[in-house]
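Encoded as structure tokens, the structure appears first; notes follow it.
Per chain, numbering begins at 1; letters A, B, ... match sequence-line order.
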Protein chains: 2
Amino acid sequence: MTTAQRNRDLAEQQRSRDDVVRAAGRLFAERGFHGTSMRHLGNELGLLGSSLYSHVSGKDELLVAVVSRGAALFQALADEVLASELDPPQQLRMLVEGHVAIVADNLDEARTILNEARFLPDTARQPIVAMRDRYEAAVRTVIERGVATGDFTAADPGLAAILVLSVLNAFERWFRPDGTRTREQLATDMYRFVLGGLR
Amino acid sequence: MTTAQRNRDLAEQQRSRDDVVRAAGRLFAERGFHGTSMRHLGNELGLLGSSLYSHVSGKDELLVAVVSRGAALFQALADEVLASELDPPQQLRMLVEGHVAIVADNLDEARTILNEARFLPDTARQPIVAMRDRYEAAVRTVIERGVATGDFTAADPGLAAILVLSVLNAFERWFRPDGTRTREQLATDMYRFVLGGLR
DNA sequence: CCTACCGATCGGTAGG
DNA sequence: CCTACCGATCGGTAGG
């Protein structure tokens, strides 16, 4: 073992699979899946591209890991909202606030899920699409409940859900972690906007 | 008509630069800029990748061409709306309807401009970003005018503009040319939604 | 628009 | 996690 190698080993820790997945999320979000090479990803972690294969079986697996992690968070939020006993406007508020929090805390995963999920391998795409559909269904259900109670007006709840999701999904595009407004302020403004749209 | 059939039909014709740019838009929208190779693009047109270099100087130029074409359309709409003498709600309606029409008629360019513009070469990115900012400013101006007249309520017109643009920009993601609702219906529903959000 | 290439880089593997 | 590779593909060029 050379001195240089020992120095590197002492200076830097071993990378875990989780470190690799997180770095992959960062690069996929920044440069896209096809714009990111295994060598570049390795370089980001201070090692060679070929060394990544001791952590993952391939590049596709990294995309699946990044997207799955993000999708699980949105999934959990949707289930939590639907299971709550709040009235529809409060459920909608909970959805917006939860969505904003997930995106703000997992920006790389959110960006990757929105822009790169279409490049998932066929075998992995189906369950991810199912999770996205379930999230969309949760938004639609909240809207339908609100229409039933008279809190909302929506001639077409399916389309209304798409428009609410438009506002939610765009958040990862314009959110800046170093911005002046707090997440709570942003969530409140977004909630008021979509609430207005549903009346 | 399948791509293979179209390729056969075009087998004896010369392709123009415009054909190349259009095909590039289709592939960039479908598979992303980095997921599209010059060979694949050539194959789409029934010729070799190397033959494309008689039409364009390189792959980057194709991205610039696709994005510029789309950006010019949105630019023209923004200028037209601001120059009109309609009241703010009608200007907003004009903006939504125009946006929907542009996206529906130029889906590949719209998708490319939204998802691939970040891969523009540095020299070309600046003017494109400026056009996008100008479009955003037009939306904000309409909102500010509406606040001044009392038609709209928006504590923060800048944020309100972002939320309106969220709805507009998401349109290219869920619009399906073979859907049941007409563009006019979709534009009307989108208009009502954002109008509600501004009150 | 094709033939015939170029060097660079891609995802990935064998073996230690 | 590295060394030393592999075949395939990348964007692009020279010359016709």
Subject >> A/E61 and A/S57: side chain donor to acceptor below 3.5 Å >> reply: yes
Original post:
Do B/R69 and B/D18 meet the salt-bridge criterion of a basic N to acidic O distance under 4.0 Å?
Top reply: yes
**OP:** Please say which of B/W174, B/F171, B/F193 ends up in a side chain to side chain contact (heavy atoms under 4.5 Å, CB included) with A/S166.
**Re:** B/W174
**OP:** Might you confirm whether atom CZ of A/R22 has over 12 heavy atoms from other residues, nucleotides or ligands at distances under 6.0 Å?
**Re:** yes
Subject >> Closest to side chain of A/K59, choosing from D/dC1, C/dT3, C/dG11 >> reply: C/dG11
Original post:
Under a 3.5 Å cut-off for both distances, is C/dG16 Watson-Crick or wobble paired, and to whom?
Top reply: D/dC1
Original post:
Under 4.0 Å: is that the gap between some side-chain N or O of A/S51 and OP1 or OP2 of D/dC2?
Top reply: yes
Original post:
Base, sugar-phosphate, or nothing: which does B/S54 touch, judged by heavy atoms less than 4.0 Å apart?
Top reply: base
Original post:
Looking for any heavy atom pair under 4.0 Å, which part of the strands does A/G58 touch: base, sugar-phosphate only, or nothing?
Top reply: sugar-phosphate
Subject >> Rounded distance (Å) that lies between atom P of C/dT13 and atom CE of A/M38 >> reply: 10 Å
**OP:** Using whole Å, report how far CG of A/L63 lies from C1' of C/dG11.
**Re:** 15 Å
**OP:** To the nearest Å, give me how far apart CG (B/L52) and P (C/dC1) are.
**Re:** 9 Å
Subject >> d(CG, A/L47; C1', C/dG12) in whole Å >> reply: 16 Å
Subject >> Length of the CG-C1' vector between A/L41 and C/dG11, whole Å >> reply: 12 Å
Original post:
Given C/dC2, is OP1 or OP2 found less than 4.0 Å from the side-chain N or O atoms of B/S50?
Top reply: no
**OP:** Please determine if a side-chain N or O atom of A/H55 lies less than 4.0 Å away from the OP1 or OP2 oxygen of D/dC1.
**Re:** yes
**OP:** Return the value, rounded to whole Å, for the distance between atom CG of A/N43 and atom C1' of D/dC2.
**Re:** 15 Å
Original post:
Strictly by modelled atom types, are A/R118 and B/N115 linked by a side-chain donor-acceptor pair under 3.5 Å?
Top reply: no
Subject >> Between P of D/dC2 and CG of A/L45, the distance in whole Å >> reply: 11 Å
Original post:
Hey, which of these two, B/R39 or A/D60, hits DNA chain C nearer its 5' end, going by closest nucleotide?
Top reply: B/R39
Original post:
Base, sugar-phosphate alone, or nothing: which one does A/L48 contact when heavy atoms must sit under 4.0 Å apart?
Top reply: base
Original post:
For the pair made of OH in A/Y53 and P in C/dT13, what is the distance, rounded to whole Å?
Top reply: 7 Å
